[in-house]
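Throughout, a chain's letter reflects where its sequence line sits, starting with A, and its residues are numbered from 1.
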2 protein chains.
Amino acid sequence: MKNNYNEVIEKIDNIAEKIYSDLTKTHIPQLSLPTRAKSNIYFNEKLNVWKYGKNNVERSAKSLDGAYMLLRTMYMVDFIKEMIKVNKSSTLREMYYISEGWNFAKFSSQDESNLLAEDLEVITSLMREDFKLRPEEDGARVIGNLTIEEITRSNEKRRIHCQDDVGDSGYSIPYNVEPEKITLKNFDADMIVAIETGGMFDRLVENHFDENFRSILIHLKGQPARSTRRFIKRLSDEKNLPVAVFTDCDPWSFRIFASVAYGAIKTAHISEYLASPSASYLGVTPSDIENYKLPTDELTTEDIKSLKSELTDPRFQDSFWKNEIKLQLKLGKKSEQQALAKYGLDYVTDIYLPEKLAELGMLKK
Amino acid sequence: MKNNYNEVIEKIDNIAEKIYSDLTKTHIPQLSLPTRAKSNIYFNEKLNVWKYGKNNVERSAKSLDGAYMLLRTMYMVDFIKEMIKVNKSSTLREMYYISEGWNFAKFSSQDESNLLAEDLEVITSLMREDFKLRPEEDGARVIGNLTIEEITRSNEKRRIHCQDDVGDSGYSIPYNVEPEKITLKNFDADMIVAIETGGMFDRLVENHFDENFRSILIHLKGQPARSTRRFIKRLSDEKNLPVAVFTDCDPWSFRIFASVAYGAIKTAHISEYLASPSASYLGVTPSDIENYKLPTDELTTEDIKSLKSELTDPRFQDSFWKNEIKLQLKLGKKSEQQALAKYGLDYVTDIYLPEKLAELGMLKK
């Protein structure tokens with residue numbers, strides 16, 4: 001994310017210039033960008049995240065569809081410049097409807113407009129947030145000893161302490177968590193704990209886990225929104241805090257961990273902004289099902305298929321994951337975070353989490 | 001909701017006493033409660049909300065299943081008393097797992113434990129919140145000129161102004177919004193606007209609609225959680241504020257309105273605590289599709305079925321709804337809040353909402 005909107009304007013103007021230059025040279029206008037498919041994803045050992053490879057696709061005016069797409073690109077560049085000028089932002093959904101006024105350039109589906117927003121990110125190496133485009137999803141909630149300074153809609157700087165200035169529901173992460181909007185100020189904590197379900201987040205809050213274990217709690221809300229992943233990344237990097245991810249024990253939850261730690265396929269062009277490669281998977285692990293004798297459900301056919309696909313996923317190739325996934329297939333069982341309530345409401349904070357954090361070497365005392 | 005937990009304990013103790021008394025009299029223990037089905041729902045003209053009728057169902061130890069259910073009830077009463085004693089609360093999911101330690105009384109599915117929680121509400125005329133049971137769902141977000149006093153987990157009184165003390169994501173409604181937790185303090189506003197989608201909520205916030213139109217904005221997050229409906233009800237009653245509900249234009253959104261205004265079938269025993277009968281449907285209406293020439297999608301078979309079922313739903317029997325639903329069936333189209341972006345990002349706040357609020361007589365200036 002660039003803080004400087006002049007640079008954003010320059011970069012998107014370059015796109016228009018490229019098309020204009022093609023036309024003046026009587027070339028067929030075209031734009032080239034990386035193929036965004038699993039076949040063109042590779043694991044970047046240096047960054048420790050997923051990135052796109054070298055396969056490119058052309059958006060060319062040679063075909064009618066391609067010509068429409070380039071026309072849409074021009075309208076969109078114009079719309080983005082206008083938003084930057086008047087300091088507005090737009091949801092992806094609103095942009096889709098805005099195109100009703102673009103004549104031939106009108107999008108025929110929202111998939112098309114979302115795709116174009118991603119294209120622009122890839123071409124310019126900027127982020128959606130730079131274009132003033134925002135998603136529908138809510139950000140998640142934060143509780144912990146951390147002060148955030150948010151630039152509000154009225155352009156005021158507001159400091160919010162994520163324990164003393166918020167209710168028990170915590171600080172709600174806005175859709176834009178870039179430095180132009182959010183600055184991470186003072187903190188006093190040893191780690192970040194990212195939690196899949198709202199029920200478990202509220203449990204840790206009620207049990208004062210953030211205070212007793214000097215941790216900043218972040219609710220992932222299932223598969224985490226981009227702003228949530230970006231928030232974790234920034235907090236972890238800027239404050240040098242380790243991240244523990246606490247989810248259910250099933251293949252879908254393992255993917256939640258992977259998207260936090262290594263990045264997701266859809267957003268591989270900006271993995272280094274979103275992924276926290278140092279994040280550890282705290283649990284619930286298939287081993288925990290056995291070690292803690294947790295209540296379980298049977299794996300479904302879909303679960304088994306998904307686990308098997310994870311065995312060939314580059315993100316799950318270390319021995320920890322290979323062993324755990326194989327164990328889960330052998331057990332034929334899955335479990336949930338809240339299954340720990342079998343031993344009472346405090347078991348998770350008094351016994352389970354301290355034991356697991358100690359295993360990860362994340363417990364200071 | 002009772003603020004006095006002694007009264008709660010007394011009421012749930014009565015259940016245990018009833019069973020005990022049945023046993024000492026060598027009667028087969030049983031509990032009687034209203035049938036919670038559409039067939040036993042009637043529209044209470046006085047309260048203007050849905051309530052249960054006179055059909056009762058017996059939970060009796062005559063059958064093995066019934067005996068288990070009564071045993072579970074006893075364990076649950078005990079668990080609730082324990083939580084009240086130590087000032088804890090539990091998610092419905094945690095309670096399900098807690099029952100792992102209840103021997104024969106263990107729930108065989110979460111449906112069963114949820115049902116029992118509802119049974120207890122119906123029998124005692126108390127609310128889930130009285131039992132310290134809470135849902136998984138998040139509460140929604142609020143922005144407006146309103147000060148809330150929340151009793152935090154550390155038992156401190158904390159005042160939060162829903163514009164000046166929060167970020168642009170707003171104040172996050174906690175799962176418990178009863179007077180023991182939340183007090184509604186000073187406000188300066190003329191109305192409540194409840195909004196279905198996050199994208200539209202954020203649009204109204206970005207456009208300062210709360211400030212320019214003296215309104216308190218509440219994000220419904222689709223079908224609103226119980227705490228959200230209760231919050232709207234309390235705010236509307238205690239501050240004597242009219243409520244306008246702003247949703248997409250489809251049968252599912254009409255149901256969102258109905259659950260805010262009249263109550264939902266599942267929670268008919270506490271409709272008078274959750275429903276805001278004075279709430280008005282602001283739009284998007286099927287008439288708006290025509291009047292504002294909005295972009296539309298075709299109604300699906302499911303949509304048509306749902307609209308037809310609403311024609312026989314007691315909650316949609318006034319001429320406004322009859323006409324609008326019939327018009328929508330005739331048009332064969334549906335539309336979305338954000339479709340108003342066709343005319344630009346400010347159209348909704350500059351033109352549409354003022355016009356619609358004026359129609360409802362809710363615009364002061």
Side-chain angles (χ1 to χ4, degrees), chain A residues 83 86 88-101 134-139 141 148 150 152-154 158 160 164-176 181-182 197-200 202-203 205-208 211 219 221 294-295 336 338-346, chain B residues 83 86 88-101 134-139 141 148 150 152-154 158 160 164-176 181-182 197-200 202-203 205-208 211 219 221 294-295 336 338-346:
Chain A
M83 284 199 294
V86 300
K88 287 261 173 188
S89 62
S90 154
T91 65
L92 293 165
R93 193 92 192 123
E94 283 175 319
M95 188 184 69
Y96 165 68
Y97 284 117
I98 286 276
S99 83
E100 291 271 334
R134 53 189 162 89
E136 290 296 311
E137 325 119 80
D138 284 309
R141 301 180 284 138
I148 282 165
E150 184 175 326
T152 69
R153 57 182 169 159
S154 306
R158 180 163 304 152
I160 298 173
D164 301 342
D165 298 333
V166 297
D168 286 354
S169 261
Y171 170 74
S172 211
I173 300 180
Y175 49 80
N176 179 359
K181 180 80 183 166
I182 293 281
T197 66
M200 186 51 81
D202 288 331
R203 162 65 43 230
V205 171
E206 185 174 284
N207 290 7
H208 299 262
E211 295 164 358
H219 177 205
K221 289 181 82 175
L294 296 179
E336 291 181 333
Q338 296 192 56
L340 291 155
K342 172 185 174 182
Y343 302 110
L345 297 176
D346 299 338
Chain B
M83 284 198 293
V86 299
K88 286 261 172 188
S89 62
S90 154
T91 64
L92 293 165
R93 193 91 191 124
E94 284 175 319
M95 188 184 70
Y96 164 68
Y97 283 118
I98 286 276
S99 83
E100 290 271 334
R134 54 190 163 87
E136 291 296 311
E137 324 119 82
D138 284 309
R141 300 180 285 138
I148 282 165
E150 184 175 324
T152 69
R153 56 182 170 160
S154 306
R158 180 164 303 152
I160 299 172
D164 302 342
D165 298 333
V166 297
D168 285 355
S169 260
Y171 170 74
S172 209
I173 300 180
Y175 49 79
N176 179 359
K181 180 80 184 166
I182 294 281
T197 66
M200 187 50 83
D202 289 330
R203 162 66 41 230
V205 171
E206 183 174 285
N207 290 7
H208 299 263
E211 295 165 358
H219 177 205
K221 288 181 82 175
L294 295 179
E336 292 182 332
Q338 295 191 57
L340 291 156
K342 172 185 174 183
Y343 302 111
L345 297 177
D346 298 338

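Taking both residues in full, the closest heavy atoms of R134(A) and G199(B) are given as NH1-O, 3.9 Å, listed atom of the first, atom of the second, then distance. For the pair Q338(A) and Y97(B), the tightest heavy-atom approach, listed with the atom from each and the gap, is O-CD1, 3.2 Å.
In terms of heavy-atom pairs under 4.5 Å with chain A, the best-connected choice from I148(B), I98(B), T91(B) is I98(B). Here E211(B) is the residue among E211(B), M95(B), M200(B) with the most heavy-atom pairs under 4.5 Å with chain A. Among the candidates D165(B), V205(B), L340(B), the residue making the largest number of heavy-atom pairs closer than 4.5 Å to chain A is V205(B). Ranking G170(B), G101(B), G344(B), G167(B) against chain A, the residue ahead of the rest is G167(B), based on heavy-atom pairs under 4.5 Å.
In this structure, the portion of R158(A) lying under 4.5 Å from any heavy atom of chain B is its side chain and not its backbone. Of the two parts of D346(B), only the side chain, counted from C-beta on, holds a non-hydrogen atom closer than 4.5 Å to a non-hydrogen atom of chain A. Only the side chain of I160(B) comes within contact range of chain A, with at least one heavy atom under 4.5 Å from a heavy atom of that chain. Only the backbone of V166(B) comes within contact range of chain A, with at least one heavy atom under 4.5 Å from a heavy atom of that chain.
Residues M83(B) and L345(A) have side chains in contact (heavy-atom distance under 4.5 Å, counting atoms from C-beta outward).
Atom OG of S169(B) is separated from atom OH of Y175(A) by 8.5 Å, given to the nearest 0.5 angstrom. Atom OG of S172(A) and atom CD1 of I173(B) lie 11.0 Å apart (nearest 0.5 Å).
Between the side chain of R203(A) and the main chain of S89(B), a donor-acceptor pair closer than 3.5 Å is present. Distance alone, capped at 3.5 Å, is enough to place a donor-acceptor pair between the E150(A) side chain and the D168(B) backbone.
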### Query
After noting the C-alpha distance and the side-chain angles of E206(B) and R153(A), does the key distance pass the side chain to side chain contact (heavy atoms under 4.5 Å, CB included) rule?
CA-CA 6 Å; E206(B) 183 174 285; R153(A) 57 182 169 159; 5.8 Å; no
